[in-house]
Each structure stands twice: as structure tokens, then as C-alpha cells.
Visitor: 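Take this structure first; my questions come after.
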There are 2 protein chains.
Amino acid sequence: MEKKITIADIARMANVAKSTVSRYLNGGSVSEKTRRKIDTIVSDYNYQPNALAQNLKLKINHTVGVIVPRLDSTAQVEMLRGLDAANDEDTFLIVNTYQSVARELAAIEKLRNQHVSGLIILTANITDDIRDALKAFDVPVVIQGQDEGDFHRVLMNDRQAGDIVGQYAMSLTPKKVLLLTIPEQQDWSIGHERFTGVYHALADYDVTTIHTKFNIDEARNDALRVMSENTFDLVIGATDRMTIGALQAGIATHQSAKYIGFGKSDLSTTVTPHLTSFEYDFYETGKLMYNLLKNVRENNPSEKQRLVFDGQLVERESTQNFY
Amino acid sequence: MEKKITIADIARMANVAKSTVSRYLNGGSVSEKTRRKIDTIVSDYNYQPNALAQNLKLKINHTVGVIVPRLDSTAQVEMLRGLDAANDEDTFLIVNTYQSVARELAAIEKLRNQHVSGLIILTANITDDIRDALKAFDVPVVIQGQDEGDFHRVLMNDRQAGDIVGQYAMSLTPKKVLLLTIPEQQDWSIGHERFTGVYHALADYDVTTIHTKFNIDEARNDALRVMSENTFDLVIGATDRMTIGALQAGIATHQSAKYIGFGKSDLSTTVTPHLTSFEYDFYETGKLMYNLLKNVRENNPSEKQRLVFDGQLVERESTQNFY
DNA sequence: TTGTATGCGTTATCAT
DNA sequence: ATGATAACGCATACAA
């Protein structure tokens, strides 16, 4: 329970000047004798430098803000893991905003006050307000999932994903297809990009499209409405959770369709049957985002960086016949 | 993209002293004229105080550290939500430790450097090293799930939970019971407390107990080993994930047992059948933890606080006959 | 090698 | 009501 000790304290106890202690701490030149004196004091009292004072003085802040819109999403959690894995020298100031624009704006203010040296946003929905707040922020910003020219960004190749899933869907020669997605203005990448390839490939098929929410319960209820009146043999959801909602609706209405989802989550292998899904490696994405930020901070490029990440289709039981 | 502006800048532009600006900002007495002058400058340049300098000066730090051992757990995420909901004035410095003691120790050091004014630990496993590091930390610490007399703590009433589940299990009059848990030294509350009531109630029944891990895959594999050689009609897992692992093993081995889990997670209603589970309200727990910390910080009680939280059994399809 | 002095941005004390 | 000044803990340019 020792009180926090400062450089001045050490200096006094060792009968040296503060600057000598500072030099000792930063690997400057100190005589063997004073080095030993200071050494024992530092370890005896378990001295820890005050990061606040350091940052204030040096004006480089080894703190980066991370804004996380939702934690009930495997993708976001995996990206966080990636960030942590790649991080070697920073402290993350993580703020959860629960998809509230107001909270996100407040978070940006807060992080600005903390003078973080960078900002990583795992969001997929940048409103005008947020864009303005971000641009007024004089630090590098890395965002994810949204192709905003104003910021450095890491994107999922949702267009390609849609093409691949579309081709795959065709190969299943379905009779009647149900598509679950969200309004495109809510999330362009997910609501639009992901499905363009699918629409294109299934242009000549019997396709029903409904809009729903990100969570399982709502998706199930919405799916239930159409599935209780129609029988589908192929269901494609814009996210795994939506697809699982539909899967439950399918079980409830006793129809045995095939199911395809998007996104990597452990839910895919939690449900029965395991879900065929187009997966991104969000862990790697997180690493990439951190390294991008670090790179930008060091090299200060004039152009905004734009990185695109591919995913892959993983086939599981839900698109097979025998279950 | 305005550069960050300081009190000194404002003072210069308004032709007043720094102290006047400071007084203005903190609601001190300033003449109407200077007030207006400063007003426009502040809003024009969108002045934001430097929280670092403030904290350094005031020596009260509105930052609290939050150590989260795992994010792939609904309980932890819900507690985080609760913390956020109850928080009104602090900035959370969230550190994910991924259940690594080394990372947790490093996190404690880091938070100490940041001079946080409190520490909230959502852990369930305090090793000696960690206990020592925590006690050397001169700020209030609130932990969860572990009955450590050295710290303020919020506990789940796992003992009572075990009793209730035990009684309920008896009422199902099972012939052969499988229990999945973890070694008690790994997590006393979960590994021991939760099951004492169950053991007691089922003392005269045919019970098999196996140890497994927290994740679904391992639990499934471990369960598969015993379930491929025996048929059970009741399975109780120490967590929902374990129980789901066993559920999958049950499906794979074509046995229709009843299943009971512990812990509140959306997985309960994701799997088919929905899982009967003993649930805690971790969102409320999170709120409670924050309020406890706040209370302790303000009133500095001499005794360590100890709060106990009850849960309840929620019956779902997995303990019914007709599925 | 060591010490003195100054500044980072803020608040607080004490004159004026 | 206002301003000069010191202090928080640290790092550094410069002098000794």
C-alpha cells in the first residue's frame, strides 16, 4: 500500500538532483555509485513513472482511442483481439458506444480531451456529425468497413463476397430463395455491397427479400412471417445472426432449406446444423488496423490509405442435404 | 483540423491573464465583457481542456481501470454494459487480458502508471501474484465472483444456485446424470460452489462427473467420450457453453437427455432446444460494481464491502420431454 | 558525470 | 474582477 513516489522523492533520498534520476531512468550517463543508490530506492519503493506527466511533457501520448459500437458481435471482439495482439507500445482507451450516435460523439470528445495519439473506430456507420467531429480531431483516424475517403480505412471485400456467394447459390439450383438483409442506408457494405452479387446471380430465380434487424430474435420473427406462408429451399442472410434466426424459423415451420450466412462467429458451429458462411478473418483485420495506424503515425502520408481484405466461403452442414 | 488550443492561447487572444480564463472555465467570477470575449474564442476554436494536465494538477483522476479477462463471454460483456450504464463521470481504461496472468499483471502496472483512481476487475481467478500487485496499488479495487477478503467485491450466490438446481434436478427424477465442470482450483465459485448443492441433492443418484474447459468445442469432445459409451437422461454443465457442448454430443450420439446450464447468455435461446439455465443478471451486476467503486471512493470505508447477488432458474425447452 | 533552470497545460493562492 | 506566480511530475538544454 505504498504511496506513489516521485522523481523528486528519489532525488532527495539519494542526495542527487532530479535530473540525475531522470537520466538514470532514461538510460543516460550516471556514475556507478549513484546508479546503485538510485537502483535500490527505485526497487524498494517500486517506483512507477507518472504517465500523465510524461505525456504532458513529451507531448507524445502512447494512448490510442478505440471506439467499439457493439460488443455482442464476434467480429468486433475478434478485431479487438487483433488490436491487442499487434499492439506493442500503446495503451488502448476503449469506449463502447452501443451503436448510439450520441454516445459515439461523446466518446470522440472524451478521447480528444485525453489527447490520444490516434483513433481506431470499429464502426460501420459514420454519420455527418461524426465525420465532422472526426475531421476536427487532429490525430490519425483508422476506420473499418466503410469506404470513407476522408479517413484511413480497412475494408471487407463485400462485393467479392456477394459474387462468390451468388455463384455458390446458383450451384445449389434452388427453387425458391429467401434473402434477409437490412436497409442499405443503415449499413451500405452489409445492406448493399454484400448482396449485389447475390441479386445478380439469382436474377432469374424466385427470390423473396425481407429487411430485418441484426439480432436473432427479430430475425426469427420476421422470417417466421414469410416462412409460415411459403416454403423455401435456400435462405441467405446478410449476417450469421440473421441466418440463425431464419434457421430457427425454418425449424419451427418444419421446412428443410439450405442456409448461408456472412461473417465469422462461433455461432456458426454452435447451431445445429453448422452454418455455411462467408467468413472474414477479423482477428487479422484488427492487427492490420493497428499496424496501419502505427504506420500512419510514423510516416504521416499525404494520401489516405485504403486496404481491402478478402474473405472466403466455408461450407458446412447447413448447405448439405442429409441432415 | 484545428490545432489544439490552450488556455494560454485564449488568454493572449483575449488580452487577459491565464488565470482569468481558468476562472471563466470553472465558473468563477468574470465580468460580463471578458466573459463574452472568451466565450467566442472558446467556441470558435472549439477549445477542449487537456485532461492530462488537469489530472496532473488536480491529482484526482477521472479514469478508472477495467480489467476484462475474456470478451467471448456474455457475462463479461453484460457487466461491461452495466458499468457503462452506471458510469456518469469517469473514463474507462479497459484492458483485455485473455485470461493470461502475465497480461493481467502487465495491465495492472499499466493502469498504475496511468494513475487511475480505481480498478474494476471482472475476473474470477486471483493468483497470489495478482493479489500482491493489487494490494501494492493505492486505489480502491472492486472485484467480482471471488470471495477475497482483501478487496471490495460483488459475488454471485453460486451456493444458492447449486441448491436450487439440485432441487430441480431431483424433481426430474433422472436415472443417469452427467455433470460437466472445471477443476475447482481454476475457479472456486464455478468449479466448487455451483455444484455443491447439486452433489448434495443427487447424492443417491447415478452421477458421472467430468472436467472440461470453458469453450464449446472442448466440452463437446470431452462429453462425446463418455456419452458414446453411456446414455444419460440428465446433463448439467457448470456454464451454458459447456452444456451446449454436451448438447451437441448428445445429438451426435442420438440420446435425448435433459440439459441444464448456468449463466445468462443469448446462446441459451440460440441453440435448439432452448436451454434451461440458472441465470444471473450481469448487467445489474456491472452497475452494482461501478456504484460500489464510486461509493468506496467517496466514503473510504474501513471495511471491505461484500455484496451478494442472487440469480434465478429459467426453464426452457431443454428440460421438457417433447422435442 | 552532475546540477540548474525552464516548460508542458492546468488550477490555486494571493495580491492588486 | 483581475493578474502574477507557484505547483503538479517529468524531461531536457545548458552550464558547471
Side-chain angles (χ1 to χ4, degrees), chain A residues 2-39 41-42 45-63 91 110-117 138-139, chain B residues 2-39 41-42 45-63 91 110-117 138-139:
Chain A
E2 319 96 20
K3 286 284 167 204
K4 29 213 159 199
I5 185 182
T6 77
I7 273 192
D9 297 326
I10 301 179
R12 196 163 13 78
M13 302 171 86
N15 280 317
V16 294
K18 290 193 301 181
S19 49
T20 306
V21 179
S22 179
R23 246 180 297 113
Y24 160 90
L25 292 168
N26 296 309
S29 58
V30 271
S31 74
E32 191 51 35
K33 217 179 68 186
T34 50
R35 151 161 285 117
R36 280 209 309 277
K37 268 198 298 187
I38 300 180
D39 230 22
I41 299 179
V42 163
Y45 288 81
N46 187 20
Y47 166 78
Q48 295 295 130
N50 184 330
L52 275 63
Q54 277 181 328
N55 289 337
L56 179 60
K57 175 65 190 172
L58 298 178
K59 312 190 65 162
I60 55 146
N61 192 327
H62 283 294
T63 314
T91 299
K110 214 168 198 173
L111 294 171
R112 202 178 129 105
N113 290 24
Q114 295 285 338
H115 283 224
V116 297
S117 66
D138 192 28
V139 294
Chain B
E2 319 97 19
K3 285 284 168 205
K4 31 212 159 199
I5 186 183
T6 76
I7 275 193
D9 297 325
I10 301 179
R12 196 162 16 76
M13 302 170 85
N15 281 318
V16 293
K18 290 192 303 180
S19 42
T20 306
V21 180
S22 177
R23 243 179 300 112
Y24 159 90
L25 291 168
N26 297 309
S29 58
V30 269
S31 74
E32 190 52 35
K33 217 179 68 185
T34 51
R35 150 162 285 117
R36 279 208 310 278
K37 267 198 298 185
I38 300 179
D39 230 21
I41 299 178
V42 163
Y45 287 82
N46 187 19
Y47 165 79
Q48 295 294 132
N50 184 330
L52 274 63
Q54 276 181 327
N55 288 337
L56 178 60
K57 177 64 189 174
L58 298 177
K59 311 188 67 161
I60 55 145
N61 193 327
H62 283 293
T63 317
T91 300
K110 214 167 196 172
L111 294 170
R112 205 177 128 104
N113 289 34
Q114 296 284 340
H115 284 221
V116 298
S117 66
D138 192 29
V139 294

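The chains referred to below are lettered A, B, ... by the order of the sequence lines, with proteins before strands, and numbering in each begins at 1.
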Visitor: OG1/T6(A) to NZ/K18(A) distance, rounded to the nearest 0.5 angstrom?
Guide: 8.0 Å
Visitor: Nearest whole Å is fine: how far is dA12(C) C1' from N55(B) CG?
Guide: 17 Å
Visitor: Would you mind classifying the nucleic acid contact of S31(A) as base, sugar-phosphate or nothing, using non-hydrogen atoms under 4.0 angstrom?
Guide: sugar-phosphate
Visitor: Is the phosphate of dG9(C), meaning OP1 or OP2, less than 4.0 Å from a side-chain N or O of Q54(B)?
Guide: no
Visitor: Please determine, for the side chain of I7(A), which listed nucleotide (dT2(C), dT10(C), dC10(D)) has the closest atom?
Guide: dC10(D)
Visitor: Tell me: OH of Y24(B) to P of dT11(C), nearest whole Å?
Guide: 13 Å
Visitor: Which atom names give the shortest non-hydrogen contact between M13(A) and Y45(A), and what distance separates them?
Guide: CE-OH, 3.1 Å
Visitor: Categorize T6(B) for me: base, sugar-phosphate, or nothing, with a 4.0 angstrom heavy-atom threshold over every strand shown.
Guide: sugar-phosphate
Visitor: Between atom NZ in K37(A) and atom C1' in dT2(C), what is the gap in whole Å?
Guide: 11 Å
Visitor: Using a 4.0 Å heavy-atom cut-off across all strands, classify K59(A) as base, sugar-phosphate, or nothing.
Guide: sugar-phosphate
Visitor: Would the base of dA4(D) count as contacting S19(B) through its side chain, where contact means a donor and an acceptor less than 3.5 Å apart?
Guide: yes
Visitor: For H115(A) and dT10(C), give me the distance from atom NE2 to atom C1', rounded to whole Å.
Guide: 11 Å
Visitor: Could you check how far CD of E32(B) sits from C1' of dT2(D), rounded to whole Å?
Guide: 16 Å
Visitor: dG3(C) base to T20(A) side chain: any donor-acceptor pair below 3.5 Å?
Guide: no
Visitor: Considering only side-chain heavy atoms of R23(B), which listed nucleotide, dT11(C), dT2(D), dC10(D), is closest?
Guide: dT2(D)
Visitor: Counting N and O atoms only, with roles assigned by atom type, does the side chain of N61(B) sit under 3.5 Å from a partner on the main chain of Q114(B), one being a donor and the other an acceptor?
Guide: yes
Visitor: Could you tell me the separation between the NZ atom of K33(B) and the P atom of dT2(D), rounded to a whole number of Å?
Guide: 9 Å
Visitor: Mark yes or no for a side-chain to base donor-acceptor pair under 3.5 Å between K57(B) and dT10(C), with no hydrogen or angle criteria applied.
Guide: no
Visitor: If you only use heavy atoms from C-beta on, which nucleotide in dT11(C), dA1(D), dT12(D) is closest to the side chain of S22(A)?
Guide: dT12(D)
Visitor: If you check the A17(A) side chain, which of dT10(C), dG3(C), dC10(D) turns out closest?
Guide: dG3(C)
Visitor: Going from CG on L56(A) to CD on Q54(A), what distance comes out if it is rounded to the nearest 0.5 angstrom?
Guide: 11.0 Å
Visitor: N26(B) near the nucleic acid: base, sugar-phosphate alone, or nothing, with a heavy-atom cut-off under 4.0 Å?
Guide: sugar-phosphate
Visitor: For DNA chain C, whose closest nucleotide is more 5', that of L56(B) or that of V30(A)?
Guide: V30(A)
Visitor: Hey, does N15(B) reach any base, or is it just sugar-phosphate, or nothing, if we go heavy atoms under 4.0 Å?
Guide: sugar-phosphate
Visitor: Rounded to whole angstrom units, what separation is found between the CD1 atom of I38(B) and the P atom of dA1(D)?
Guide: 13 Å
Visitor: Looking at D9(A) and R12(A), does any basic side-chain N land under 4.0 Å from a carboxylate oxygen?
Guide: yes
Visitor: By nearest nucleotide on DNA chain D, pick out whichever of L58(B) and L25(A) is the more 5' one.
Guide: L58(B)
Visitor: Out of I38(A), V21(A), L25(A), which one pairs with Y47(A) under the side chain to side chain contact (heavy atoms under 4.5 Å, CB included) rule?
Guide: L25(A)
Visitor: Just checking Y47(B): base, sugar-phosphate only, or nothing, at a heavy-atom cut-off of under 4.0 Å?
Guide: sugar-phosphate
Visitor: How many whole angstroms separate atom CG of L52(B) from atom P of dT11(C)?
Guide: 13 Å
